[in-house]
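Numbered from 1 within each chain, the chains take letters A, B, ... in sequence-line order.
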Protein chains: 2
Amino acid sequence: MDNSIKVKFDKIDRKILEILQANAKITNAQLSKDIGLSPAPTLERVKKLEQSGIIKSYHAKLDPEKIGLGVSTFVLVGLIGHNKANIDAFMKEIDQIPEVIECHHITGTGDFILKIISKDINSYQKLMLEQVSEIKEVDSMQSMVILSTFKDSKVLPIPA
Amino acid sequence: MDNSIKVKFDKIDRKILEILQANAKITNAQLSKDIGLSPAPTLERVKKLEQSGIIKSYHAKLDPEKIGLGVSTFVLVGLIGHNKANIDAFMKEIDQIPEVIECHHITGTGDFILKIISKDINSYQKLMLEQVSEIKEVDSMQSMVILSTFKDSKVLPIPA
DNA sequence: ATTTGTACCACATATAATTCGGTAAATTCT
DNA sequence: AGAATTTACCGAATTATATGTGGTACAAAT
C-alpha cells in the first residue's frame with residue numbers, strides 16, 4: 001500500500017508539474033527552456049517526480065462526442081448497508097463496468113457518487129437497469145445528467 | 001466553434017485510442033508493435049486522430065495527496081436565475097478559481113455540479129465562504145466531501 | 001479492365017532523449 | 001569555521017526515437 005505521504009519539491013518542480021499537467025507531450029528540450037535549466041537536470045527532475053509517485057501517469061484526453069459518447073451523468077448511489085463487506089462487494093461490481101469512469105465514497109446526500117459515460121440515453125438507461133441497479137448492495141439511485149460541461153481542467157492547483 | 005461531429009475511425013484506431021488513454025507516454029515504436037503495424041503508418045494514424053480532434057490533449061496525472069491536496073469535494077450549486085446572462089456571469093467567476101477543476105450544468109437536484117480540490121478543510125471552507133458563495137448568482141450550495149476514491153479511470157469506453 | 005486513391009512497409013534522415021564526466025554550490029559534520 | 005560530503009547543475013557525446021520518402025499492394029470507383 002502506497003500511503004501518499006507528502007513529498008518534497010521546490011519551485012522549479014512545481015513549474016514542471018504545472019506544465020506537464022497542461023501538456024504532457026512537451027519535449028524535454030522545450031520544458032528545460034521553459035523552466036530555465038539545461039536538458040539533463042530537467043530530465044532528472046521529471047524522473048524523480050515520476051519515481052516518487054507525484055506524477056502517477058500520463059493520459060490522452062479524448063473528445064467524448066467525437067467517439068460517439070453523448071451522455072455523461074453523475075449518479076448518487078445509496079447502499080443498503082454501510083459495512084466494509086458491502087462496500088467491497090459494491091466496488092468489485094463497479095470496477096467491472098467500464099462506463100463507470102469514477103466512483104467516490106462521499107459524505108452528505110448519498111453514499112457514493114459515480115460518473116458514468118455512455119452512447120446515448122437508451123444505452124444509459126439499459127446500463128443503469130441491467131447493470132448498476134442489479135448490484136444487490138445498491139438501494140437508491142439518483143441521476144444527474146450533464147447538459148454541458150463548462151470547465152474540465154486537468155491542472156490541479158498546487159499549494160505554495 | 002468546433003461542433004463535435006462524430007468522426008470515422010476503425011478497429012485499429014480504436015485500439016490506439018485505448019492505449020493512449022491508458023498510457024500517453026508509450027513510444028511510437030512500441031505502439032506500432034502493440035497494434036501490429038510498422039511505425040510510419042502508426043504515427044500517421046495518431047497524427048490524424050490529433051488533427052481530427054478525437055485526441056484533444058495529453059496530461060500528466062498527479063497524486064493529489066503528495067502535493068498537499070487533501071480535500072476533494074463535489075458541490076451542488078443552485079443559481080438565483082436560470083437565464084443565459086446569469087449562467088454566463090457565474091461561469092466567468094468560476095473560471096477564475098483554479099481550485100474548481102470541473103463545472104457541469106446538470107438536470108436534477110441542483111443547477112450545477114462542481115468538483116473542487118483544496119489543501120485541507122480550513123482552506124476549503126475559506127474558498128467556499130470567500131469565493132464561491134460570494135458569486136452573486138449563487139443561491140444554494142450543498143457540499144459532498146470525498147472520503148475516498150475507488151475508481152478514477154482516464155479510459156473512456158469507446159462504443160463499437 | 002483501368003484508373004484512382006488509400007494504407008502500408010522498409011529504409012534514410014532528423015530530432016530528441018539519455019548518459020557521462022566534470023564543476024560549483026549547498027549541506028553536514030567535526 | 002573549515003573540511004568532507006552530497007546535491008544539482010552544465011556541455012558534449014551517444015543512443016534511441018520520431019519523422020520523412022519512395023515504392024508497392026490492395027481496394028474502391030469508373
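- A search for salt bridge (Lys or Arg N to Asp or Glu O under 4.0 Å) contacts involving A:E102 returns B:K115, not counting sequence neighbours.
- Between B:H105 and B:F112, the angle of the ring planes stays under 30°, which puts this pair in the parallel group of the 30/60° scheme.
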Got a list of protein N/O to nucleotides 25-29 of chain C N/O distances below 3.5 Å?
none

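- In summary, of the residues considered (B:K48, B:R45, B:K47, B:K8), a salt bridge (Lys or Arg N to Asp or Glu O under 4.0 Å) with B:D13 occurs for B:R45 alone.
- Under the side-chain contact (heavy atoms from CB on, under 4.5 Å) criterion, B:K154 pairs with A:H59, B:K61, B:D152, sequence neighbours left out.
- Legend: residues meeting side-chain contact (heavy atoms from CB on, under 4.5 Å) with A:L69, ordered by chain and number and at least two apart, are A:P64, A:I67, A:I117, B:L156, B:P157, B:P159.
- Applying the side-chain contact (heavy atoms from CB on, under 4.5 Å) criterion to B:V46, with sequence neighbours excluded, gives B:I16, B:L20, B:L31, B:E50, B:Y58.
- As a whole-Å value, the separation of A:K33 NZ from C:dA17 C1' is 14 Å.
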Could you list the donor-acceptor pairs under 3.5 angstrom formed between side-chain atoms of residues 139-147 of chain B and any protein atom two or more places apart in sequence or on another chain?
| residue | atom | partner | partner atom | Å |
| --- | --- | --- | --- | --- |
| B:S140 | OG | B:G78 | N | 3.4 |
| B:Q142 | NE2 | A:T109 | OG1 | 2.2 |
| B:S143 | OG | B:Y124 | OH | 2.8 |

Tell me, with the steps shown, if B:T73 and A:H104 meet side-chain contact (heavy atoms from CB on, under 4.5 Å). CA-CA 10 Å; B:T73 64; A:H104 312 274; over 6 Å; no
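- Residues passing the side-chain contact (heavy atoms from CB on, under 4.5 Å) test with B:S123, sequence neighbours excluded: B:S118, B:K119, B:D120.
- For residues 23-34 of chain B, every residue pair satisfying the side chain to side chain donor-acceptor pair (under 3.5 Å) rule, not counting sequence neighbours, is listed here: B:Q30-B:D34.
- One can place NZ of B:K47 at 12 Å from C1' of D:dT17, the figure rounded to the nearest angstrom.
- Looking only at distances, no side-chain donor or acceptor of A:T149 sits under 3.5 Å from a matching main-chain atom of A:K151.
- Atom CG in A:L43 sits about 15 Å away from atom C1' in D:dG11, given to the nearest Å.
- Rounded to a whole Å, the CD1 atom of B:I26 is 15 Å from the C1' atom of D:dA16.
- Among A:I113, A:I116, A:V132, the single residue meeting the side chain to side chain contact (heavy atoms under 4.5 Å, CB included) criterion with A:V75 is A:I116.
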Would you give me the side-chain donor-acceptor pairs under 3.5 Å for residues 84-99 of chain B, sequence neighbours excluded?
| residue | atom | partner | partner atom | Å |
| --- | --- | --- | --- | --- |
| B:K84 | NZ | B:D88 | OD2 | 2.8 |

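- Protein atom CD1 of A:I16 is 12 Å distant from nucleotide atom P of D:dA8, rounded to whole Å.
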Go along nucleotides 6-16 of chain C 5' to 3' and tag each nucleotide: B for a protein heavy atom under 4.0 Å from its base, S when only backbone or sugar atoms are that close, - otherwise. -SSBB-----S
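- Axis deviation across the helix from C:dA1-D:dT30 to C:dT30-D:dA1 amounts to 40°, comparing end segments of five pairs, rounded to 10 degrees.
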Just the table, please: protein N/O against nucleotides 23-29 of chain D N/O, every pair under 3.5 Å.
none

